[in-house]
Every structure is written in structure tokens, then in C-alpha cells.
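Quick notes on the structure that follows.
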Protein chains: 2
Amino acid sequence: MTERQPRKDAARNRAAALAAADTLFTRCRSPEEITMADIAAAAGVGKGTLFRAFGDRTGLIRALYATRLEPLRQAIEQGPPPLGPHTPPLQRVPALLDALLTFKLDNRHLATALESAGADSPYRTDHYAHWHALLRDLLEQIPGLADAGFTAHALLAATRADLVGHLADDARTPRETMRRQLADLTTRLLDAPAPRSPAAGD
Amino acid sequence: MTERQPRKDAARNRAAALAAADTLFTRCRSPEEITMADIAAAAGVGKGTLFRAFGDRTGLIRALYATRLEPLRQAIEQGPPPLGPHTPPLQRVPALLDALLTFKLDNRHLATALESAGADSPYRTDHYAHWHALLRDLLEQIPGLADAGFTAHALLAATRADLVGHLADDARTPRETMRRQLADLTTRLLDAPAPRSPAAGD
DNA sequence: GTACGATACGGACCAGTGGTCCGCTTCGGT
DNA sequence: ACCGAAGCGGACCACTGGTCCGTATCGTAC
């Protein structure tokens, strides 16, 4: 075993930090206004403990996001249809996107924090790479659909946290409306035949 | 006239600041690493001058972006087809998106800086509202196309600066490939009939 | 050309951030 | 009960966007 078991107080503090961060991020409007000192204070630990446990701010946000995402990840990796692996692509792709949208709606503050975490683009994270690969592989199994990679990017872009947050909070779009809109978009993209001519002729 | 003419040195310094910022943003990998002090030094002015001229960092980036965007704006507002106003929607929408993509490719550092400027979401800016309204209005004129508003969001999301930058710089996607992919996506969305049933039946 | 008020300059300065450091505390095996 | 290792925490640091105000410059009236 090269892995050391963490000490009891360390585990407790880590959990406290995650819980505190969760509460703070959920409560507040913009993730930028939550500082590491805030989280430390709310968790009743020192700031150093936070950085020891998570490395940096981005690490904390990632850890928190991963925790929340865990059930969905399970459902996708080994759950029953329509999310689980034994589902035909034409059915699984819309289900995945709907689940992702729902998740981001429920956790929009956290998702926004994640996507704007640090200076690096959200496209350079393992998290994004994972979702994109999953979607792209499924799209590639759908016959007559070109550019699976780009289509996957486009579909994921339609569920970006800040867009979802804008639609939900600023435009007051009801949850079911958004789900239907994304489902329609997905359907249109999956059903459409590959276009023959780039110009708008017919 | 309620507008005062700016003093000569003010105008010169403003131009110098824009030019310096342009150079710096273009050169560097991530916009975060360019500080206001850097720009001031490169422009040969004091930091206070920068803030006096542009208000804050976001204001400077916006001003710079607006300058670069000006030719495209002109072409869209009063130029000839296919960008100008006297163009049928089915032809103008793809043209607009292609122009936007091209512009963002050519100015990806600046566009990235703009979209991640400040704490506020890029969706709450006049700039985005303008593009979205333009696109939505055109989409609404296309018969048989539901959810013009959401479709406009989705199309614009596919041209977000960080995605474009990721495709161009990390995935090494050639320019023409990206243009074709976006054109295909647009065509698929515009040509597809409104789906009748949300489920994947036929 | 000169005098003079308005305008703009610029760098010292400030508040607040993420992140580090290290003397002190706590844990847990023996 | 002991003791080395692991963890703690808040003073501290480097650095950022943004402010302030004494000083320099501009443009105008004469």
C-alpha cells in the first residue's frame, strides 16, 4: 500500500470544508464573492488546512463538484437505461444531456464556479474531456451523422453553466421549458441528415 | 452639445493604451496574465490614466474589442449581402455565424479576455444581447423553426471564444475545418423540421 | 506671447485575494 | 504514558485591480 489512510481529524476537517463550501456557493449569487477565508471561517478551520486538503481553490471546487456529481456518474457508468451503458445511442444521448442539464440547473452556482475556476479554460479539464469523449463515441455510432466531435462540443456548449444560469435566473425560463428546448435541439441534430451542400441551395 | 471634445494628450494616450493592450493580449497565452500595470507600462502611461480613460479593466477590454469588431459591425448593419440587412434569413444566419467564428478565430485572445472579463457572466452584456437579438429575430422569420431564442443561444454557444480557442490551439483543428463544421451545424439546425414528438420515435 | 482655469497625468498608495510557512497541537501506534 | 509523525491555523507574503491628489499640460482669452 503506497496510500496512507488520512488521519481522523483531517477527514473531519475535509468534510467540514466541503459542507461549508457547498452551503456558501449555493447561497451566494456569484462564486467570485466566496473567498477561501470565508470557507475556512464557515468550516471552523484555518485557511492553511483548506490548502493542505485541496491544494488550491480550483481543487476544492473540483472536489466539491465531483462529490455532487457522483450519483449521476454512477448512473451513467453502470446504471440501468436510459442513462446506463446498455442503451442505444439515439436514446442515450438525449438522456445524458437531459441529466446534465438537470444537474447543472440544480447546482448552477457550483457548476459556474467550476467552469470559471482558475485561469485555464474549462475545455482543458479531465472533466470536460470525459463528457466529450462519452458523447462523441455515442454520436459516432449513429449512422449518417458527420462531425461527431464537433457536434458533441456544440451540444455540451448548450449546457454551459453560465448559459443555464442566465436562462434560469435572468430570463426566468421554467425548468421544463429548458428541458424541452434542449431535447428539441438534440433531436433536430440527431435526426437531421448530413447536409450535402454547404450553400443554402436546394 | 453635451459632449466635450477630449483633450489631445488624452486621445493620444487612449490610443496608445489600446494599441499596447492589443499587442499584449495577442502575444500572451492567457489573458489573465496581462495586468493593468503591464498595459500601462507598455503604453508608456501611468496606471491612473488607464483607469481614467476606460473606467476599469473590463471597460478597456470592451473598448478594444469594439474597435476590432467595428468593420464587422458595419458590414452587418449596412453592408451588402450576405452579411448586410437585405439578405434572406436562411442565407444570412450562416453568413453571420461564419463571420463571427472567423472573427473570434482571428481575435481569440481578445475574445477570451472579453468573455471572462470581470465576475459577471458574458450573457449579461449588451454585446451578447445584441448578437442574440439579431440572430433570434432572423430565426423567427424562418418558417417551421421553433424555439428561435434557444436556438440562437445554442448557435452562439458553439462559437464561444474558449471553445474556438480550444479547437484551434489544443485540437489543432484547421480553420477551414472549423468553418465547415459550424456551417454544417447551422444547416442541420435550420433545415431540420420542428420535431413532433420529444421521444426518439418516428 | 502670456496668463490662467480646466483637464489630464502618474505613481505612491490602499484593500483584498490566493497561497505559503512554521511553531504548536493532536493523533494513534506501542 | 509516551513520542514521532501528521495535521493545524493564522500571521504573513506577493500581487492584483482600483483610488487619490499634487503636479504638469493643454487650450483659450487677451
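These numbers come from the heavy atoms of this one structure, side chains and all, not from hydrogens, waters or symmetry mates. Numbers restart at 1 for each chain; the letters A, B, ... are given by sequence-line order, proteins then strands. These figures come from a predicted structure and were not determined experimentally.
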Selected nucleotide, minimal atom distance to [X] side chain, candidates [options]:
X	options	answer
A:D9	D:dC26, C:dT20, D:dC8	D:dC8
B:F51	D:dT16, C:dT20, D:dT19	D:dT19
B:A10	C:dC9, D:dT19, C:dG10	C:dC9
A:R7	C:dC27, C:dG11, C:dG10	C:dC27

Quick one: is [X] getting a side-chain N or O under 4.0 Å of the [N] phosphate, OP1 or OP2?
X	N	result
A:K47	C:dG18	no
B:T49	C:dG10	yes
B:N13	C:dA8	no

Please walk me through it: do B:Y65 and B:F103 pass ring pair (Phe, Tyr, Trp, His ring centres under 6.0 Å)? CA-CA 11 Å; B:Y65 194 85; B:F103 179 79; 5.5 Å; yes
Centroid-to-centroid, A:Y123 to A:H132, below 6.0 Å?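 Centroid distance A:Y123-A:H132: not below 6.0 Å, so no.
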With heavy atoms under 4.0 Å as the rule, sort A:R57 into base, sugar-phosphate or nothing.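 Counting heavy atoms under 4.0 Å across all strands, the contact made by A:R57 is with sugar-phosphate only.
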Side chains of A:Q141 and A:P89: does their closest heavy-atom pair fall under 4.5 Å?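 Sidechains of A:P89 and A:Q141: in contact.
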Just the rounded figure in Å: distance from C1' of C:dG19 to CG of A:L60.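 That distance rounds to 13 Å.
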Whole-Å distance separating the CD1 atom of A:I39 from the C1' atom of C:dG19: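 Atom CD1 in A:I39 sits about 14 Å away from atom C1' in C:dG19.
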Most 5' of B:G46 and A:M36 on DNA chain C, judged by nearest nucleotide: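 Nearest-nucleotide comparison on DNA chain C picks B:G46.
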Considering all heavy atoms, the nearest B:G79-B:P85 contact: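 Closest pair (atom of B:G79, atom of B:P85, distance): O-CD, 3.6 Å.
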